Amino acid sequence: MPPFMEPFRIKSVEPIPFPTAGERRDALVAAGWNLFRVPAGAITIDLLTDSGTAAMSAAQWSALMRGDESYAGARSFDRFESVVRDLTGYPEVLPVHQGRAAERIVLGLLLRPGDISVSNTHFDSTRASVEAAGAQAVDLPVPIARGEPAPFGGDIDLDRLRDLLRRSADRVRCVVLTITNNAGGGQPVSVRNVKATRQLCDEHGVLLYLDASRFAENAYLVTEREEGYQGRTPREVARVVFDLADGCWASLKKDGMANIGGLIALRDAGLARRAREQLIAFEGFPTYGGLAGRDLEALAQGLLEVIEPDYLRYRAECARWFGEQLGLAGLPVLQPTGCHAVYVDAGEMLSHIPPHELPATAFGNALYLAGGVRVTELGTLVFGRRDPDGGPDVPAPRELVRFTLPRRVYTLSHLEYVVDVAETVSSKAGRLTGYRIVEQAGALRQFTAVLRPAA
Ligand SMILES: *Cc1c(COP(=O)(O)O)cnc(C)c1O
């Protein structure tokens, strides 16, 4: 028996597709052996992403009906603003259509060509906004020894940050802490790390912003793991963290518990005024920012639900249990698990497949063929760089596969099914073969690449 159950019951259901083994094979061939190109109608359990895939609550669905679709000054904005102010303490609140719009606006206003933005890890769209401003994105994740569990694997490396600030404080414009650190396995950032970062920023006159897309999951993991915060509520911890920063942005497709949305929340009224000008030019009037009034209602309610301890406990326990089960099924699972996903080291399982033949892709495709399960590859297809001389790819540091958990969507029995499928694949791992890239785009090639089996 798992040590928890879903803290909700189901009121509205959606059938899931059960393509046959033959249909799955046909779909994958037609998709150029790339799971991103497989239609959702051919997927049984979709663990591709936790972005925009949440199930809304009955309270959110009823809030939609309250949506005020006035162009200017909509009441739905007032509700959204008041929930965000309450959570963050930041007075200036701007809605945007999704996280990357927020990044483009804030980083576009803060950064000048030649500036540096430092982070525990810039999310890929964050990095793109930094580089679009002509600035440099420097990632300083805390080093994690292989096989050694790190409770705060999302932290920024304070020694390297101190060094960088000493050497080039005049070029560093901002530090961005991504909470939780998605690229780093969804691991949390400790309050102690945020406090030390704040102090370094103050010593050098540098701004501190949060990419708060998973702020609630980060806060919950702090209440579990950090000395001094056990017994505090996730809301209290989230507020301690927000208090330490100059502002935040977030993709509300994650901890907003809705299917679209984002936000900017700031202390600096001058920056907020300039951000509103950008918002009007590129997103929409400042009281809707590219969203419908009903979206703002769903988000305001979602932000109240996501910070509830019962929900967050279930979320973390679910990932932990799922990770344990996948481990028992023979998969090398990265520990500790966070909240939004379980990461598996496909390179370790498929050590007979060289990185340029995409072992993580091979593992993901095998899961789909065996049971219609879709996961994300985070290996050489995503992070490998093309050799400029036309040789094989420069391999990614690790060949990971991410089993991502949409919020409130799949029950334990769905995840048990995934574990069964994973066990089948793991039992024949030694016989799996790799892939080669036939067609690829210059950037973000994983979304569109066409592959073929290497054998
Ligand atoms: C998803 C995400 C973003 C980008 O947000 P979108 O809503 O997809 O544009 C930025 N940062 C982090 C940490 C994310 O997870």
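Below, each value reflects all heavy atoms present in this structure, side chains not excepted, and no hydrogens, waters or symmetry copies. Keep in mind that what you see is a predicted model, and the values were worked out from it rather than measured.
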Value rounded to 0.5 Å, distance of CD1 in I307 from CG in L312
6.0 Å
Within a 6.0 Å radius of atom CZ on R25, are there more than 12 heavy atoms belonging to other residues, nucleotides or ligands?
no
To the nearest 0.5 Å, atom OG1 of T197 lies from atom CG of D155 at 7.5 Å
Any donor-acceptor N/O pair, E283 side chain to H97 backbone, under 3.5 Å
yes
Name the orientation class of the two ring planes belonging to Y435 and W33 (parallel below 30°, tilted from 30 to 60°, perpendicular beyond 60°).
tilted
Heavy-atom side-chain proximity of L432 to V425 below 4.5 angstrom
yes
S251 versus Q98, side-chain donor and acceptor atoms under 3.5 Å:
no
Scanning both residues in full, the closest heavy-atom pair of V84 with A265 reads CG1-CB, 4.2 Å
Side chain of S190, backbone of N193: donor and acceptor closer than 3.5 Å?
yes
Would you say that L164 contacts V172 through its side chain, given a criterion of any heavy-atom pair below 4.5 Å between the two side chains?
yes
Distance-only, no hydrogens or angles: does the Y410 side chain make a donor-acceptor pair with backbone N or O of L47 under 3.5 Å?
no
For T380 and E399, test the side chains for any donor-to-acceptor distance below 3.5 angstrom and give the result as yes or no.
yes
Which pair of non-hydrogen atoms, one from S168 and one from I116, has the smallest distance, and what is that distance?
OG-CD1, 4.4 Å
Distance from F363 atom CZ to S426 atom OG, nearest 0.5 Å?
7.0 Å
Tell me whether D295 contacts the main-chain N or O of A292 through its side chain, where contact means a donor paired with an acceptor under 3.5 Å.
yes
Looking at side-chain heavy atoms only, is the closest gap between E224 and Y220 below 4.5 Å?
yes
Determine, stepwise, if the pair E6 / T411 fulfils side chain to side chain donor-acceptor pair (under 3.5 Å).
CA-CA 7 Å; E6 291 84 2; T411 63; 4.9 Å; no
Go through I156 and V142 one step at a time and tell me if the side-chain contact (heavy atoms from CB on, under 4.5 Å) criterion holds.
CA-CA 5 Å; I156 193 167; V142 76; over 6 Å; no
Main-chain N/O of L48 paired to R402 side chain as donor or acceptor, under 3.5 Å
yes
Give, for atom CG of L35 and atom CD1 of I43, the distance between the pair rounded to the nearest 0.5 Å.
6.5 Å
Non-hydrogen side-chain atoms of Y314 and F8 separated by less than 4.5 Å
yes
Shortest non-hydrogen pair, G261 vs L299, comes out as CA-CD1, 4.0 Å
Could you tell me how the ring of F447 sits relative to the ring of F36: parallel (under 30°), tilted (30 to 60°) or perpendicular (over 60°)?
perpendicular
Just grab all the side chain to side chain donor-acceptor pair (under 3.5 Å) pairs involving residues 252-262, residues at least two apart or on different chains.
D255-R407
Step-by-step side chain to side chain donor-acceptor pair (under 3.5 Å) determination, T121 to D139:
CA-CA 5 Å; T121 306; D139 290 339; 5.0 Å; no
Closest non-hydrogen contact found for Y368 with A42 is OH-O, 2.8 Å
So E377 and Q446, do their side chains get closer than 4.5 Å, heavy atoms only?
no
Report yes or no: does T53 contribute a side-chain atom to a donor-acceptor pair with the main-chain N or O of T49 at less than 3.5 Å?
yes
Pair R274 + E277, salt bridge at N-O below 4.0 Å
no
Is the ring pair Y71/Y288 parallel, tilted or perpendicular, if the boundaries are 30 and 60 degrees?
perpendicular
Heavy-atom closest pair, residues A316 and L221
CB-CD2, 4.5 Å
Begin with the C-alpha distance, continue with both residues' side-chain angles, and end with the deciding distance and a verdict on side-chain contact (heavy atoms from CB on, under 4.5 Å) for H356 and I437.
CA-CA 9 Å; H356 70 273; I437 301 173; over 6 Å; no
Could you give the distance from CG (L94) to CD1 (I264), rounded to the nearest 0.5 Å?
5.0 Å
Please tabulate, one pair per line, all N/O donor-acceptor pairs under 3.5 Å involving side-chain atoms of residues 99-113, not counting sequence neighbours.
residue : atom : partner : partner atom : Å
E103    : OE1  : S125    : OG           : 2.9
E103    : OE1  : T126    : N            : 3.3
E103    : OE2  : T126    : OG1          : 2.7

Is the Y343 ring parallel, tilted or perpendicular to the H340 ring (thresholds 30°, 60°)?
perpendicular
Keeping R214 on the side-chain end and I179 on the backbone end, is there a donor-acceptor pair under 3.5 Å?
no
Keeping R160 on the side-chain end and P141 on the backbone end, is there a donor-acceptor pair under 3.5 Å?
yes
Heavy-atom donor-acceptor pair, N120 side chain to D157 backbone, under 3.5 Å:
no
N-O pairing of E131 and R127 below 4.0 Å
yes
Count the heavy atoms belonging to other residues, nucleotides or ligands that lie under 6.0 Å from CZ of R374, then report whether that count exceeds 12.
yes
Looking at side-chain heavy atoms only, is the closest gap between S76 and R66 below 4.5 Å?
no
Let me know which of L334, V375, V382, V344 forms a side chain to side chain contact (heavy atoms under 4.5 Å, CB included) with L400.
L334
Any non-hydrogen side-chain atom of N365 less than 4.5 Å from a side-chain atom of L28?
yes
Which pair of heavy atoms, one from R24 and one from G372, lies closest together, and at what distance?
CD-N, 3.4 Å
For R320 and Q335, test the side chains for any donor-to-acceptor distance below 3.5 angstrom and give the result as yes or no.
no
Rounded distance (nearest 0.5 Å) linking atom CG of L263 with atom CG of L87:
9.5 Å
So, does R445 use its side chain to make a donor-acceptor pair with the main chain of L381 at under 3.5 Å?
yes
Pair V419, L326 - check side-chain contact (heavy atoms from CB on, under 4.5 Å), show working.
CA-CA 6 Å; V419 171; L326 289 173; 4.1 Å; yes
Tell me whether the rings of W249 and Y209 are parallel (<30°), tilted (30 to 60°) or perpendicular (>60°).
parallel
I would like to know whether L252 and L303 meet side-chain contact (heavy atoms from CB on, under 4.5 Å); could you show each step before the answer?
CA-CA 9 Å; L252 295 178; L303 287 169; 4.0 Å; yes
Taking side chain to side chain donor-acceptor pair (under 3.5 Å) as the test, write out the residues that go with E305, two or more places apart.
S57, Q301, R408
4.5 Å side-chain heavy-atom contact, L328 and Q325
yes
